[in-house]
2 protein chains.
Amino acid sequence: MSDRPSIPQPSLRRLPLYYRLVSLNHDKKLAYTSSRDLGLTANVPAARVRKDLSYLGERGRPGVGYDTELLMQRLETFLGLINDKEAVLVGVGNLGRALALYPGFARYGLKIAGLFDIDPAKIGQMVGTLKIMDQSRLPDLVRRWRIQMGIIAVPAQAAQGVAEKLIRSGISVIWNFAPVTLVVPPYVLVKDEDLAVDLATLSHQIVERDQAR
Amino acid sequence: MSDRPSIPQPSLRRLPLYYRLVSLNHDKKLAYTSSRDLGLTANVPAARVRKDLSYLGERGRPGVGYDTELLMQRLETFLGLINDKEAVLVGVGNLGRALALYPGFARYGLKIAGLFDIDPAKIGQMVGTLKIMDQSRLPDLVRRWRIQMGIIAVPAQAAQGVAEKLIRSGISVIWNFAPVTLVVPPYVLVKDEDLAVDLATLSHQIVERDQAR
DNA sequence: CTATGATTGTGCCAGAATGCACAAAGGGAG
DNA sequence: CTCCCTTTGTGCATTCTGGCACAATCATAG
């Protein structure tokens, strides 16, 4: 059925970088954006940009570039940024708090609809415009508001338990900031985010670079 | 000159995940760790794990697995985790605060040695054991302590300026949390960390999955 | 000492991703 | 209208990455 050639993973990861520049150019009221400029912000050759964008079906104008407005809309649609994604955030520690208050998410269609923690001292506190609630109220709120995404920002030991609770409540997308591999049913989409993993690869690159002298 | 077969990028990104399980098994006093188990935590087939580990030169014992202690040390060396990395963090907003207080970094050899901000109201405040300092004191501290890494957690508009200041002070590794592409000299190593980029790819995956029904 | 079961190391092939080069298309000057 | 400059779209060859299968190796039981 879906015989359209699905986009390669590496291309998909570059699209958000293109989106950054396109939004910027849109704000600057630049009518066109060239593949060369897009390549500069994503650190890839211009030909790669064009090939990536060809997966979207969007066509640029030779001699001019891509229509900024059109391309922005196309990226927003393709990346699903125009779809509202409501989420609950579990674990309001330092990281959880930062996520809850991060202003950039709104532009990407993410709206955090509820904060949960297990620490009685935190229940009732306000973070921005949201009040921290006890986890016992989570299932009810998720079902009532038909929330599809859960953000896990609890310590590693608690993460699997939270994931199971989220899934039992009907959530099928998890953005996981705990440094563990979650075990979930196949229909659940999990995106892991582990700063330590990136730190480790950076660390290796430092070693490699310094050895090269 | 350096004709050693450098490790493929995808393999490098998996190593920290292996390291997670190996550390765990080490704590559990398990003498050996199998490629099968490593594959489960990284979501890859066991054969891939073995090939990845072969880049390290480490050999497992057929019929048994990899020596947990040895493999852990090997990964720590290869990833450079045993090398202390001192860093200054610029921009103590919500994210910067969370990074400064993140407990997991120590295990990866990262030590944050100084916090800086430009907001007069924040100067002098304590975050954990560190006092927030004015950016004017940054160059001196970086030079005196021979700090090599800078962590940028300021708003997008300020990031390029901060990067230049860090580089002028002698820093050659930047962990960038601002959603911009920094322009830096070639000898400077930059690792970008953009939650919105990952959110966007997750968002696309949601669209794709939901369309598949 | 032998047989058995488990696990590693790796060669080979298929598939994915990349880089290059060039034809095609649009814009603008004269 | 024609020439020239700029930028896109993409076919092709190359390189990189992944999966599979199987021989080689080691531990253990009898």
Side-chain angles (χ1 to χ4, degrees), chain A residues 2-18 21-22 25 30-72 74-75 78 201 204-205 208, chain B residues 2-18 21-22 25 30-72 74-75 78 201 204-205 208:
Chain A
S2 81
D3 49 35
R4 82 191 124 77
S6 188
I7 188 171
Q9 275 294 320
S11 297
L12 174 58
R13 278 200 297 268
R14 284 187 290 267
L15 293 184
L17 298 178
Y18 304 152
L21 178 64
V22 170
N25 281 355
L30 295 177
Y32 293 95
T33 304
S34 71
S35 61
R36 191 177 57 85
D37 290 349
L38 289 166
L40 287 177
T41 66
N43 277 313
V44 293
R48 173 130 311 288
V49 175
R50 295 197 291 275
K51 203 167 279 185
D52 287 343
L53 293 183
S54 76
Y55 291 113
L56 305 191
E58 189 65 14
R59 298 287 149 133
R61 300 174 66 183
V64 179
Y66 294 86
D67 183 296
T68 302
E69 175 88 25
L70 241 60
L71 181 54
M72 187 170 84
R74 198 76 163 123
L75 283 168
F78 188 84
T201 64
H204 168 77
Q205 289 174 331
E208 195 178 44
Chain B
S2 77
D3 49 34
R4 81 193 123 79
S6 188
I7 188 172
Q9 276 294 320
S11 298
L12 174 58
R13 279 200 296 266
R14 284 186 290 267
L15 294 184
L17 298 177
Y18 304 153
L21 179 63
V22 170
N25 280 356
L30 295 176
Y32 294 95
T33 304
S34 71
S35 61
R36 191 178 57 84
D37 290 350
L38 288 166
L40 286 177
T41 66
N43 277 312
V44 294
R48 175 130 311 285
V49 175
R50 296 197 290 277
K51 204 168 280 187
D52 286 345
L53 293 184
S54 75
Y55 291 114
L56 305 190
E58 189 64 14
R59 299 286 149 135
R61 299 173 66 180
V64 180
Y66 294 85
D67 182 297
T68 303
E69 175 89 25
L70 240 60
L71 181 54
M72 188 170 83
R74 197 75 163 126
L75 283 168
F78 188 83
T201 64
H204 169 78
Q205 288 174 332
E208 195 178 45

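In this structure, of C:dT18, D:dT17, D:dC20, it is D:dC20 that holds the atom nearest to the side chain of B:Lys51. For B:Arg14, whose side chain is taken as the heavy atoms from C-beta onward, the closest listed nucleotide among C:dT10, D:dG9, D:dG18 is D:dG18. In the set D:dA21, C:dC12, D:dT8, D:dT8 carries the atom at the smallest distance from any side-chain atom of A:Ser35. Proximity note for A:Tyr66 (side chain, C-beta onward) versus D:dT8, D:dG19, C:dT10: the nearest is D:dT8. Comparing C:dT18, C:dA17, D:dT17 by their closest approach to the side chain of A:Gln9 singles out C:dA17.
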Between protein and nucleotides 26-29 of chain C, what N or O pairs are separated by less than 3.5 Å?
residue, atom, partner, partner atom, Å
C:dG26, O4', A:Pro62, O, 3.3
C:dG27, OP1, A:Arg61, NH2, 2.3

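Between B:Thr41 and B:Leu17, the shortest heavy-atom distance links the atoms OG1-O, 3.9 Å. Looking at every heavy atom in both residues, A:Ser6 comes nearest to B:Glu208 through OG-OE2, 3.1 Å. Of all non-hydrogen atoms in B:Val49 and B:Ser35, the two that sit nearest each other are CG2-O, 3.7 Å.
Within the 4.0 Å cut-off from OP1 or OP2 of C:dT10, at least one side-chain nitrogen or oxygen of B:Arg59 is found. The shortest distance between the side-chain N/O atoms of B:Ser54 and the OP1/OP2 oxygens of C:dG9 is not below 4.0 Å. Applying the 4.0 Å criterion to OP1 and OP2 of C:dG9, one finds that B:Tyr55 has every side-chain N and O outside that range.
B:Asn25 and B:Thr33 share a side-chain donor-acceptor pair at under 3.5 Å.
Between B:Ser11 and A:Glu58, the residue whose closest nucleotide on DNA chain D is further toward the 5' end is A:Glu58.
Across the protein-nucleic acid pair, B:Arg50 atom CZ and D:dA21 atom C1' stand 11 Å apart, rounded to whole Å. Protein atom CG of B:Leu38 is 12 Å distant from nucleotide atom P of C:dG9, rounded to whole Å. The separation between B:Asp37 atom CG and C:dT7 atom P is 9 Å, rounded to whole Å. Per the geometry, CG belonging to A:Asp67 stands 13 Å off P belonging to D:dT8, to the nearest Å. As a whole-Å value, the separation of B:Leu30 CG from C:dT7 P is 14 Å. Per the geometry, CG belonging to B:Leu15 stands 13 Å off P belonging to D:dT17, to the nearest Å. One interatomic measurement links the two molecules: CG of B:Asp52 to P of C:dG9, which rounds to 12 Å at whole-angstrom precision. Atom CD1 in B:Ile7 sits roughly 10 Å away from atom P in D:dT17 (whole-Å rounding).
Across all strands, A:Arg48 comes closer than 4.0 Å to base atoms (heavy-atom distances).
Looking at heavy atoms from C-beta onward, A:Arg50 lies in side-chain contact with A:Tyr66 at the 4.5 angstrom threshold. When side chains are defined from C-beta on, A:Leu56 counts as touching A:Leu15, because their heavy atoms get closer than 4.5 Å.
At distances below 3.5 Å, at least one donor-acceptor pair connects side-chain atoms of A:Thr68 with backbone N or O atoms of A:Leu30.
Once rounded to the nearest 0.5 Å, the distance linking CG of A:Leu38 with CZ of A:Arg14 reads 12.0 Å.
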